Amino acid sequence: MRSSYLEVTFRRGRPLAAYLYLPRTPGDKSDHVEQAGAGLLVDYTADGKPIGIEITAPAQFDVAELNQVLVHLHAPAVTN
């Protein structure tokens, strides 16, 4: 996968969870997870490459905080 994309899971019309997939190579798998902010969890491969960000409370998350995490990960920011 060459670009990022967002997947949102809804229940009864409300966002329940979301996952921002970051660019990765085939076969990349999550090895460990680190908390990166309020309701943001970053998945890393065994060699430390970030491959995705779980947004545990999408109805309450802040785009600015997500972009701070993305800058720290050397990934492109998102826009609203």
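Just so it is clear, the model here is predicted, and its values are computed rather than measured.
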Can you tell me how far the [atom1] atom of [X] sits from the [atom2] atom of [Y], to the nearest 0.5 Å?
X     : Y     : atom1 : atom2 : result
Leu70 : Ile53 : CG    : CD1   : 4.5 Å
Glu34 : Leu41 : CD    : CG    : 10.5 Å
Asp43 : His32 : CG    : NE2   : 9.0 Å
Ile51 : Asp31 : CD1   : CG    : 9.0 Å

Keeping Thr56 on the side-chain end and Gly39 on the backbone end, is there a donor-acceptor pair under 3.5 Å? yes
If only atom types and distance count, is the side chain of Glu65 paired as donor or acceptor with the main-chain N or O of Gly37 below 3.5 Å? no
[X]-[Y] co-clustered via ILVMFWY side chain contacts under 4.5 Å:
X     : Y     : result
Val33 : Val69 : no
Tyr44 : Val71 : no
Leu22 : Leu6  : yes
Leu73 : Ile55 : yes
Phe61 : Leu20 : yes

What pair of heavy atoms forms the shortest contact from Val42 to Ala36, and how long is it? CG2-CB, 3.6 Å
Contact summary for Lys49 and Arg24, nearest pair of heavy atoms: NZ-CA, 3.5 Å
More than 12 foreign heavy atoms under 6.0 Å from NE2 of His74: is that the case here? no
Is any side-chain heavy atom of Ser3 closer than 4.5 Å to a side-chain heavy atom of Pro23? no
